[in-house]
Number of protein chains: 2
Amino acid sequence: MQKAQTPKGAAGLDPLDLAILRALLTDSGLTNKAIASRLGLAESTCAYRLRTLRDAGVIVGTRVKLSLEALGFPLQAIVKVRLGSHNAEHVNTLYSQLTQVPGVIAAFHVAGEDDFHLHVAAENPEALRDLVLKHITVHRVVRQTETQLIFEARDGVGVLAQ
Amino acid sequence: MQKAQTPKGAAGLDPLDLAILRALLTDSGLTNKAIASRLGLAESTCAYRLRTLRDAGVIVGTRVKLSLEALGFPLQAIVKVRLGSHNAEHVNTLYSQLTQVPGVIAAFHVAGEDDFHLHVAAENPEALRDLVLKHITVHRVVRQTETQLIFEARDGVGVLAQ
DNA sequence: CTTGAAATTGAAGCAGG
DNA sequence: CCTGCTTCAATTTCAAG
């Protein structure tokens with residue numbers, strides 16, 4: 001049975017691809033077989049689409065999610081970093097160094113008032129202070145930092161929301 | 001062969017647990033068997049530790065990483081949201097609504113100058129504008145927003161860096 | 001807590017529709 | 001592009017040390 005040619009979205013994804021991706025995002029257990037049965041298609045078909053999505057670079061990989069609290073890092077913060085000089089090489093070097101700082105979960109190079117936003121985690125307030133003072137403000141290009149405690153972090157629905 | 005009792009860290013994790021977690025974070029292919037062989041222990045042992053870590057809530061789950069660019073969302077931004085009123089119920093209601101906005105990848109409720117930081121993705125500048133104007137600033141409690149384009153996003157080493 | 005072997009389940013390859 | 005079948009590898013279970 002040959003299905004009708006499916007309409008393609010802006011990124012070349014048909015509804016089946018989107019359904020598979022949504023299932024992957026929804027179900028924590030990302031078993032390739034479970035998706036097939038849930039969507040009512042053969043396992044080999046699902047595997048084929050998954051491989052295609054992987055080859056196309058849509059699915060980059062899969063990562064474990066750890067509980068920062070359970071690991072003993074109950075404190076999270078956003079550290080805004082502002083530079084005194086914006087020499088391209090200096091900025092890039094600093095960027096690489098910031099991502100290597102223990103406790104830095106994610107780093108964003110942003111346009112506007114701030115230069116970098118760092119999402120960090122720490123064991124306690126003292127560790128957070130040391131993270132900022134000993135690993136961020138020590139760099140000469142860093143002119144100013146501003147740390148905002150995170151009360152709560154939540155995931156959003158993302159770009160595939162229906 | 002009974003190994004010596006292992007020293008526990010602050011979160012009750014021994015060196016073997018940490019080694020397993022680091023292997024999980026490092027290797028994109030999170031095959032349970034590969035970890036066992038890499039660390040030189042039996043598969044069943046590795047599986048046992050993994051189950052324990054899961055039951056303890058350290059390993060929350062596993063999520064697929066999609067390429068926002070490949071999906072057709074090449075634009076990312078941080079949207080700072082500031083409120084006019086800080087009534088607890090209003091704040092919480094807004095928080096829930098913001099996480100449901102299509103394009104919102106993550107949301108942070110922060111202390112300080114801003115109230116929320118939203119990590120968003122959009123297909124193009126117009127879509128980004130619509131996201132902010134039609135889904136965020138429409139709420140009465142939102143007093144002000146500030147959108148900073150993300151030049152580049154990178155992952156940090158996290159809290160388990162050696 | 002660790003382990004090897006058995007038993008179950010899921011993934012990968014392949015050729016046909 | 002979809003599918004069932006075969007082959008293979010991995011996860012799970014369990015009883016013992």
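None of these values were measured; they are calculated from a predicted model. We name chains A, B, ... by the order of the sequence lines, and we start the count at 1 in each one. Only heavy atoms go into these numbers, but all of them, side chains included; no hydrogens, no water, no symmetry mates.
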Cationic N near anionic O, under 4.0 Å, [X] to [Y]:
{"X": "B:Asp114", "Y": "B:Arg82", "value": "yes"}
{"X": "A:Arg49", "Y": "A:Asp14", "value": "yes"}
{"X": "A:Lys65", "Y": "A:Asp155", "value": "yes"}

When the distance from [atom1] of [X] to [atom2] of [N] is rounded to whole Å, what number comes out?
{"X": "B:Leu50", "N": "C:dT3", "atom1": "CG", "atom2": "P", "result": "14 Å"}
{"X": "A:Arg51", "N": "C:dA12", "atom1": "CZ", "atom2": "C1'", "result": "9 Å"}
{"X": "B:Arg54", "N": "D:dT11", "atom1": "CZ", "atom2": "C1'", "result": "11 Å"}
{"X": "B:Glu43", "N": "C:dT2", "atom1": "CD", "atom2": "C1'", "result": "14 Å"}
{"X": "B:Leu13", "N": "C:dC1", "atom1": "CG", "atom2": "P", "result": "13 Å"}
{"X": "A:Asn32", "N": "C:dT9", "atom1": "CG", "atom2": "P", "result": "16 Å"}
{"X": "B:Arg49", "N": "C:dC1", "atom1": "CZ", "atom2": "C1'", "result": "7 Å"}

Minimum side-chain heavy-atom gap B:Leu83-B:Phe116 below 4.5 Å: yes

Given DNA chain C, 5'-ward residue of the pair A:Ser44 and A:Lys33, judged by closest heavy atom: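 That would be A:Lys33.
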
Picking from [options], which would you name as closest to the side chain of [X]?
{"X": "A:Leu16", "options": "D:dC2, D:dT11, C:dT3", "result": "D:dC2"}
{"X": "B:Thr45", "options": "D:dC2, C:dT3, C:dA12", "result": "C:dT3"}
{"X": "A:Tyr48", "options": "C:dC1, D:dC2, D:dT11", "result": "D:dC2"}
{"X": "B:Ala42", "options": "C:dT3, D:dT3, D:dC1", "result": "C:dT3"}

Sugar-phosphate, base or nothing in reach of A:Ala47, heavy atoms under 4.0 Å: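 A:Ala47: no heavy atom of the nucleic acid under 4.0 Å.
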
Aromatic ring pairing B:His109/A:Phe151, orientation class (parallel under 30°, perpendicular over 60°, tilted between):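 The rings of B:His109 and A:Phe151 stand perpendicular, inter-plane angle above 60°.
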
Any N/O donor-acceptor pair, A:Thr31 side-chain to C:dG10 base, under 3.5 Å: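 No.
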
